[in-house]
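Chain letters run A, B, ... following the sequence lines, proteins first, then strands; residues in each count from 1.
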Number of protein chains: 2
Amino acid sequence: MRITTQGDYALKCILRIAADGPQGPVSISRIVDKEGLPLDYLEQLLLKLRRSRLIKSVRGARGGYLLNVPVASITVAHVLRAAEGEIFELICDRKKKDGKKCKGSEDCVLKDVWKNLKNKIETYLGSVKLKDLLKKTRCTVT
Amino acid sequence: MRITTQGDYALKCILRIAADGPQGPVSISRIVDKEGLPLDYLEQLLLKLRRSRLIKSVRGARGGYLLNVPVASITVAHVLRAAEGEIFELICDRKKKDGKKCKGSEDCVLKDVWKNLKNKIETYLGSVKLKDLLKKTRCTVT
DNA sequence: GAATACCCGATATTTTTTGTCAAGTTTAGA
DNA sequence: TCTAAACTTGACAAAAAATATCGGGTATTC
Ligand code: FES
Ligand code: FES
């Protein structure tokens with residue numbers, strides 16, 4: 001189980017946008033310079049962030065990205081959901097090779113474990129605000 | 001983010017072994033019959049469970065698997081760790097394409113988020129005991 | 001109109017997960 | 001002792017997901 005680079009990169013992008021946005025739109029190439037991540041890949045991630053309305057874009061020369069909502073209202077959960085889809089997917093909902101799946105019974109004790117886990121993960125990540133992350137130091141990738 | 005079938009299947013296997021073990025060693029084919037999972041794949045998972053000493057095997061005709069430790073002492077975390085390796089891997093510890101990695105600084109606020117999340121996940125899964133799961137109903141795969 | 005920079009669908013590569021195979025060893029029981 | 005049941009193990013194959021790249025497009029500034 002792990003956070004994928006999509007979520008990680010998306011978070012780094014939006015933190016950079018939140019940090020530098022006040023000085024004007026933040027371009028992808030600026031993010032690439034500061035964070036050292038693959039440009040074409042970030043483009044896709046930023047598109048997802050925009051489509052989920054967390055950021056907005058300014059096209060044309062001197063364009064870039066800006067937050068679309070107050071930084072205080074964005075949580076890590078919001079960003080991960082935008083970049084990765086559901087934060088924690090229940091394995092019970094996935095189809096296996098031959099179309100088999102967990103029988104949908106609602107009183108399965110294993111499913112309860114996964115549901116509780118999902119709940120705990122989402123509660124925690126929903127409690128971490130970008131605003132708080134901005135205050136403290138963050139590493140670079142080298 | 002999700003639990004893989006490895007963890008899911010391993011848990012189903014060990015629950016079956018815990019449930020039927022008292023009547024003698026539980027063979028893979030018995031597990032396959034009851035749970036409807038791929039035999040050759042389970043073989044690998046059971047090997048991992050044995051190597052991590054959660055179960056033991058009885059070879060030869062009428063052989064199979066038995067728990068190697070009291071059922072009360074096994075948690076979901078134990079089983080997942082045996083089957084999947086680390087339950088939650090910090091992305092900060094993974095290498096990227098060109099050998100890049102998070103600079104190992106210990107005061108990175110993002111890394112703190114992931115560490116807290118890891119901690120919460122492991123604490124919860126470490127609190128769920130097989131013994132308790134056995135008491136309640138569990139679904140079948142169809 | 002030239003340069004900057006986002007838009008977006010398609011495709012390619014790599015890694016991980018999932019599943020399969022085959023040849024071997026051990027043991028119970030006839 | 002012979003045979004069938006059942007675990008052991010490493011290697012291999014297939015499928016899915018994650019990661020990355022490309023190319024032609026559009027909008028905006030200067
Ligand atoms: S519903 Fe998925 S394991 Fe029971
Ligand atoms: S150490 Fe990984 S994001 Fe900072």
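- Distance B/Leu37 CG to C/dT18 P: 12 Å, rounded to the nearest Å.
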Side-chain atoms of residues 17-40 of chain A: list all donor-acceptor pairs with protein atoms under 3.5 Å, sequence neighbours left out, distances to 0.1 Å.
residue, atom, partner, partner atom, Å
A/Asp20, OD2, A/Arg30, NE, 3.0
A/Asp20, OD2, A/Arg30, NH2, 3.0
A/Ser27, OG, A/Ser29, OG, 3.2
A/Ser27, OG, A/Arg30, N, 3.2
A/Glu35, OE2, A/Arg16, NE, 3.0
A/Glu35, OE2, A/Arg16, NH2, 3.1
A/Glu35, OE2, A/Arg138, NH2, 3.2

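- For A/Thr5 and D/dT19, the shortest distance from a side-chain N or O to OP1 or OP2 is below 4.0 Å.
- Rounding to whole angstrom units, CZ of residue A/Arg59 and P of C/dC6 are separated by 10 Å.
- Residue A/Lys120 places its NZ atom among 12 or fewer non-hydrogen atoms of other residues, nucleotides or ligands, all under 6.0 Å distant.
- Under a hydrophobic-cluster definition in which Ile, Leu, Val, Met, Phe, Trp and Tyr are linked whenever side-chain heavy atoms come within less than 4.5 Å, directly or via other members, A/Val58 and A/Leu49 are assigned to different clusters.
- Contacts between residues 39-51 of chain B and DNA chain D, defined by a heavy-atom separation under 4.0 Å, are made by B/Glu43, B/Leu47, B/Arg50, B/Arg51.
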Could you pull out every donor-acceptor pair under 3.5 Å between side chains of residues 72-89 of chain B and any protein atom, sequence neighbours left out?
residue, atom, partner, partner atom, Å
B/Ser73, OG, B/Pro70, O, 2.8
B/Thr75, OG1, B/Ala77, N, 3.4
B/Thr75, OG1, B/His78, N, 3.2
B/Thr75, OG1, B/His78, ND1, 3.2
B/His78, ND1, B/Thr75, N, 3.0
B/Glu84, OE2, B/Thr4, N, 3.1
B/Glu84, OE2, B/Thr4, OG1, 2.8
B/Glu84, OE2, B/Gly7, N, 3.2
B/Glu86, OE2, B/Lys118, NZ, 2.3
B/Glu89, OE1, A/Arg2, NE, 3.0
B/Glu89, OE1, A/Arg2, NH2, 3.4
B/Glu89, OE1, B/Arg94, NH1, 3.1
B/Glu89, OE2, B/Arg94, NH1, 3.4

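- Here the C1' atom of nucleotide D/dA17 and the CD atom of A/Glu86 are 16 Å apart, to the nearest Å.
- No N or O donor and acceptor, one from the side chain of A/Arg62 and one from the base of C/dT4, sit under 3.5 Å apart.
- Going from atom CE of B/Met1 over to atom C1' of D/dA18 covers 15 Å, rounded to whole Å.
- Residues of residues 14-34 of chain B that place a heavy atom closer than 4.0 Å to DNA chain D, in numerical order, are B/Val26, B/Ser27, B/Ile28.
- Nucleotides of DNA chain C nearest to A/Arg2 and A/Gly64 differ in position, and the one nearer the 5' end is that of A/Gly64.
- One axis for each end of the helix from C/dG1-D/dC30 to C/dA30-D/dT1, each built from five base pairs, and the angle between them comes to 10° at 10° resolution.
- Residue A/Ser57 places no side-chain N or O under 4.0 Å from the OP1 or OP2 atom of C/dA5.
- When side chains are defined from C-beta on, B/Lys12 does not count as touching B/Leu42, because their heavy atoms never get closer than 4.5 Å.
- In this structure, A/Leu67 is not a member of the same hydrophobic cluster as A/Leu47, with clusters built from ILVMFWY side-chain heavy atoms closer than 4.5 Å.
- Atom CD of A/Glu89 is separated from atom P of C/dT17 by 14 Å (rounded to the nearest Å).
- Atom NZ of A/Lys48 has more than 12 neighbouring heavy atoms from other residues, nucleotides or ligands inside a 6.0 Å radius.
- A/Ile55 and A/Leu66 fall into different hydrophobic clusters, where Ile, Leu, Val, Met, Phe, Trp and Tyr residues are linked whenever their side-chain heavy atoms come under 4.5 Å apart, directly or through other members.
- Neither OP1 nor OP2 of D/dA6 sits under 4.0 Å from any side-chain N or O of B/Tyr65.
- In the hydrophobic clustering of ILVMFWY residues, with side-chain heavy atoms under 4.5 Å counting as a link, B/Leu90 and A/Ile3 come out together.
- B/Ala10 approaches B/Leu45 most closely through the heavy-atom pair N-CD1, 4.2 Å.
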Can you give me every donor-acceptor pair (side chain of residues 121-136 of chain B, partner residue at least two apart or in another chain, under 3.5 Å) with its distance?
residue, atom, partner, partner atom, Å
B/Thr123, OG1, B/Asn119, O, 2.7
B/Tyr124, OH, A/Asn116, ND2, 3.1
B/Ser127, OG, B/Tyr124, O, 2.6

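- If you measure from atom CD1 of A/Ile91 to atom P of C/dT18, you get 7 Å, rounded to the nearest angstrom.
- To the nearest angstrom, C1' of D/dT19 lies 16 Å from CD1 of A/Ile3.
- Straight-line distance from the CZ atom of B/Arg94 to the P atom of C/dT14: 16 Å, rounded to whole Å.
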